[in-house]
S.K.: 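My questions all concern the structure below.
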Amino acid sequence: MAKEITKRDENYSKWYNEIIQRAELAEHSAVRGCMVIKPTGFAVWEAMKAELDRMFKETGHVNAYFPLFIPKSFLSKEAEHVEGFATECAVVTHHRLMVDPNGKGMVVDPSARLEEELIVRPTSETIIWNTYKDWITSYRDLPLLINQWANVVRWELRTRMFLRTAEFLWQEGHTAHATQEEAEDEAKMILDIYAKFAEEYMAMPVVKGVKTANERFAGALETYTIEALMQDGKALQSGTSHFLGQNFAKAFEVKYMTKENKEEYVWATSWGVSTRLMGGLIMTHSDDAGLVLPPKLAPTQVVIIPIPKPNEEIDAVAFKIMADLKAKGVSVKYDQDTTKRPGFKFAEHEMKGIPVRLGIGKRDLEKGVVEVARRDTKEKSSQPVEGIEDYIVNLLDEIQKNLFNRALAYRTAHTTEVDTWDEFKSVLEEKGGFISAHWDGTTETELKIKELTKASIRCIALDRKEEKGKCVLTGNPSEGRVLFAKAY
RNA sequence: CCAGAUUUAGCUUAAUAAGGUUUUAAAGCGCUGGACUUGGACUCCAGGAGAUGUAGGUUCGAAUCCUACAAUUUGGACCA
């Protein structure tokens with residue numbers, strides 16, 4: 001295996017794939033478009049999941065589980081919804097195999113055809129709303145705030161590790177409310193949770209916004225999104241929260257009795273983030289030396305390396321430091337492998353993104369210090385063994401902040417206001433990133449711009465300032481700027 | 001799904017511009033055992049295992065040429 005990985009500015013896609021391989025996050029499986037998430041990668045996902053789950057529960061949501069299979073007829077009950085997913089569904093048609101009468105191996109038993117074909121869920125709105133119909137009869141049953149952690153399948157034609165795979169893991173929240181306002185508030189609150197999670201835990205700055213009609217979830221009245229900017233200047237839609245209005249309630253006849261004894265349709269939301277966040281995490285922070293993980297999500301936050309190899313004296317100090325760190329809630333590993341040299345270990349743990357490395361050698365011990373190397377800046381310093389645990393706790397915090405600030409600075413530097421079409425094209429071509437420009441509000445213009453430049457409207461930022469202007473393409477009046485970018 | 005590229009052992013690569021001499025497909029790394037080693041992927045000794053993506057075709061003879069399929073990959077179309 002080569003020592004170095006491909007550099008970001010040489011071939012970003014290749015770099016991304018190599019990081020995943022070398023950091024042992026995931027690998028391709030024997031099934032086309034599906035990946036194996038390896039223990040290291042899954043540990044990061046579990047850390048993300050644990051925090052998100054906590055945040056959902058804190059705001060009154062509960063977990064449940066709905067079936068993997070959805071009767072085909074369910075999917076077609078909401079017209080826009082089915083249209084959005086029809087082209088990427090895996091369909092179960094049979095339930096039995098038999099020995100091939102003409103040869104070796106197994107074939108599908110033609111007599112075992114299902115009466116109604118089943119769709120492997122691409123998302124669960126339909127099966128869930130079919131269920132909610134029975135659960136909701138009174139205003140007393142509302143709001144209904146349910147989340148599920150599940151896998152879904154979307155038959156993608158072109159896949160990329162974590163960013164777009166045929167099967168992926170996610171959470172999908174599905175809520176029912178008595179009033180429109182309550183449902184809209186729910187969708188926005190979840191967006192806030194997503195943004196908070198992305199920024200505080202993933203150290204990934206995001207723009208909160210709403211999608212244009214064209215980019216909206218199939219079946220939603222409003223789609224809120226968090227958009228992040230990757231190091232290659234492309235945007236990543238990282239989480240979405242949808243206000244579904246009464247579309248699904250009407251399609252599945254979900255009505256409740258108000259206090260006034262009147263029958264009303266409920267108001268709905270759905271929202272989700274997926275293992276795609278892993279892709280965002282990798283691309284936001286990592287560098288040409290490998291993966292960089294923010295301390296709050298790193299399965300191992302500190303690694304201790306004995307130089308040149310473990311001995312009694314070094315072990316004693318290492319175990320003491322480990323115990324002190326563990327007592328402070330820091331996850332730490334002591335690399336006692338005697339078959340690898342320190343230099344190899346340094347590079348290996350850098351590749352895997354461990355935030356802090358401690359090196360302990362005889363010379364260090366004589367001086368009562370250890371070497372502390374931080375992954376984000378690659379800076380090294382000697383620190384006294386005495387009180388090292390407090391130093392590390394602060395350092396982890398500092399690294400977490402630095403990663404966020406660094407990513408934010410990148411995004412700020414790569415968000416460009418443009419007012420002319422020529423400028424739009426040249427910035428997109430030469431610099432990339434978000435382009436903040438006026439848009440006349442029509443789908444027609446949006447599609448035209450996409451056709452001409454491949455840039456789409458990522459979102460209309462929630463905090464954008466009102467500002468009269470002229471559409472960058474058509475010159476028609478505009479109420480404010482929107483964010484354009486090429487996207488994953 | 002469209003266009004291009006790729007596919008030889010766990011990984012990386014070799015096998016003359018050209019199908020054939022000992023091609024009985026070669027090697028390095030990794031693996032196993034040992035030595036050495038106080039700061040960046042060493043070095044040395046010993047050991048064992050391992051491959052031409054799949055299916056056809058051309059040929060006296062195919063890793064090498066052709067076709068199809070598959071997977072991967074880059075760019076695109078499509079896509080919450």
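Heavy atoms only: backbone and side chains are in, while hydrogens, waters and symmetry mates are out. Throughout, protein chains are lettered first and strands after them, A, B, ... in sequence-line order, and every chain is numbered starting at 1. From a predicted model like this one, the values you see are computed outputs, not experimental measurements.
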S.K.: Which label fits A/Trp129 and A/Tyr132: parallel for a plane angle under 30°, tilted from 30 to 60°, or perpendicular past 60°?
M.R.: perpendicular
S.K.: Quick check on RNA chain B: between A/Phe344 and A/Ala218, whose nearest nucleotide comes earlier from the 5' end?
M.R.: A/Phe344
S.K.: Which comes earlier along RNA chain B counting from the 5' end, the contact point of A/Phe217 or that of A/Ala30, where each point is its nearest nucleotide?
M.R.: A/Ala30
S.K.: Would you check, one step at a time, whether the test salt bridge (Lys or Arg N to Asp or Glu O under 4.0 Å) holds for A/Glu222 with A/Lys211?
M.R.: CA-CA 7 Å; A/Glu222 195 81 275; A/Lys211 287 291 192 186; over 6 Å; no
S.K.: Taking A/Glu167 first and then A/Arg154, would you say they form a salt bridge - that is, a charged N and a carboxylate O separated by under 4.0 Å?
M.R.: no
S.K.: Should we say atom CD of A/Gln336 is surrounded by more than 12 heavy atoms from elsewhere, each under 6.0 Å from it?
M.R.: yes
S.K.: Using the C1' atom as the point on both nucleotides, what is the distance between B/rA49 and B/rA9, in whole Å?
M.R.: 9 Å
S.K.: Please test A/Glu350 against A/Arg375 for salt bridge (Lys or Arg N to Asp or Glu O under 4.0 Å), starting from the C-alpha separation and ending with a verdict.
M.R.: CA-CA 7 Å; A/Glu350 255 167 30; A/Arg375 178 64 184 86; 5.5 Å; no
S.K.: Rounded to the nearest angstrom, tell me the gap between atom NZ in A/Lys380 and atom P in B/rG40.
M.R.: 8 Å
S.K.: Need one value for A/Gly239: base, sugar-phosphate or nothing, where a base atom within 4.0 Å counts as base even if backbone is also close, heavy atoms only.
M.R.: nothing
S.K.: Under 4.0 Å between any heavy atoms, over every strand shown, what does A/Glu215 touch: base, sugar-phosphate, or nothing? Just pick one.
M.R.: sugar-phosphate
S.K.: In whole angstrom, give me the gap between the C1' atoms of B/rU64 and B/rG47.
M.R.: 34 Å
S.K.: Rounding to the closest angstrom, what is the interatomic distance between B/rA70 and B/rA63 at atom P?
M.R.: 24 Å
S.K.: What is the distance from atom CD1 of A/Ile19 to atom CG of A/Asp287, rounded to the nearest 0.5 Å?
M.R.: 7.0 Å
S.K.: With a 3.5 angstrom cut-off on both distances, give the Watson-Crick or G-U wobble partner of B/rA68, or none if there isn't one.
M.R.: B/rU54
S.K.: Taking atom C1' in both B/rU8 and B/rU54, compute the distance separating them and give it to the nearest angstrom.
M.R.: 15 Å
S.K.: Could you work out the separation of B/rA3 and B/rG20 based on their C1' atoms and round it to a whole Å?
M.R.: 37 Å
S.K.: Please work out whether the ring planes of A/Tyr194 and A/Trp271 are parallel, tilted or perpendicular, with thresholds of 30° and 60°.
M.R.: perpendicular
S.K.: Return the value, rounded to whole Å, for the distance between atom CG of A/Asp337 and atom C1' of B/rU37.
M.R.: 14 Å
S.K.: Identify whether any heavy atom of A/Lys211 sits under 4.0 Å from a base atom; if not, whether one sits that close to sugar-phosphate; answer base, sugar-phosphate or nothing.
M.R.: nothing
S.K.: In Watson-Crick or G-U wobble terms, both distances under 3.5 Å, what is the partner of B/rA77?
M.R.: none
S.K.: Expressed in whole Å, how much space separates the P atoms belonging to B/rU6 and B/rU13?
M.R.: 13 Å
S.K.: Between A/Lys196 and A/Asp192, is there a salt bridge with N-O shorter than 4.0 Å?
M.R.: no
S.K.: In this structure, how many angstroms lie between the P atom of B/rC11 and the CD atom of A/Gln21, rounded?
M.R.: 9 Å
S.K.: Provide, to the nearest angstrom, the distance between the NZ atom belonging to A/Lys309 and the P atom belonging to B/rU37.
M.R.: 7 Å
S.K.: Could you tell me the Watson-Crick or G-U partner of B/rG61, where both distances fall under 3.5 Å? Say none if there is no partner.
M.R.: none
S.K.: What string of B, S and - do you get for nucleotides 73-79 of chain B, 5' to 3', if B is base contact, S is sugar-phosphate-only contact and - is no contact with any protein heavy atom under 4.0 Å?
M.R.: SBBBB-B
S.K.: Who does B/rG28 pair with, Watson-Crick or G-U, both distances under 3.5 Å?
M.R.: B/rC11
S.K.: Give A/Arg341 one of three labels, base, sugar-phosphate or nothing, depending on what nucleic acid heavy atoms sit under 4.0 Å from its own.
M.R.: base
S.K.: Write down the atom of A/Ile20, the atom of A/Ala26, and the distance for their closest heavy-atom approach.
M.R.: CG2-O, 3.5 Å
S.K.: To the nearest Å, how far apart are A/Glu27 CD and B/rU72 C1'?
M.R.: 14 Å
S.K.: Rounded to the Å, how far apart are A/Glu348 CD and B/rC42 P?
M.R.: 12 Å
S.K.: What's the gap between B/rG30 and B/rU72 when it is taken at their C1' atoms, as a whole Å value?
M.R.: 23 Å
S.K.: Would you kindly give the CZ-to-P distance between A/Arg375 and B/rG40, to the nearest whole Å?
M.R.: 18 Å
S.K.: Rounded to the nearest angstrom, tell me the gap between atom NZ in A/Lys340 and atom P in B/rU43.
M.R.: 16 Å
S.K.: Using the C1' atom as the point on both nucleotides, what is the distance between B/rG50 and B/rU12, in whole Å?
M.R.: 15 Å
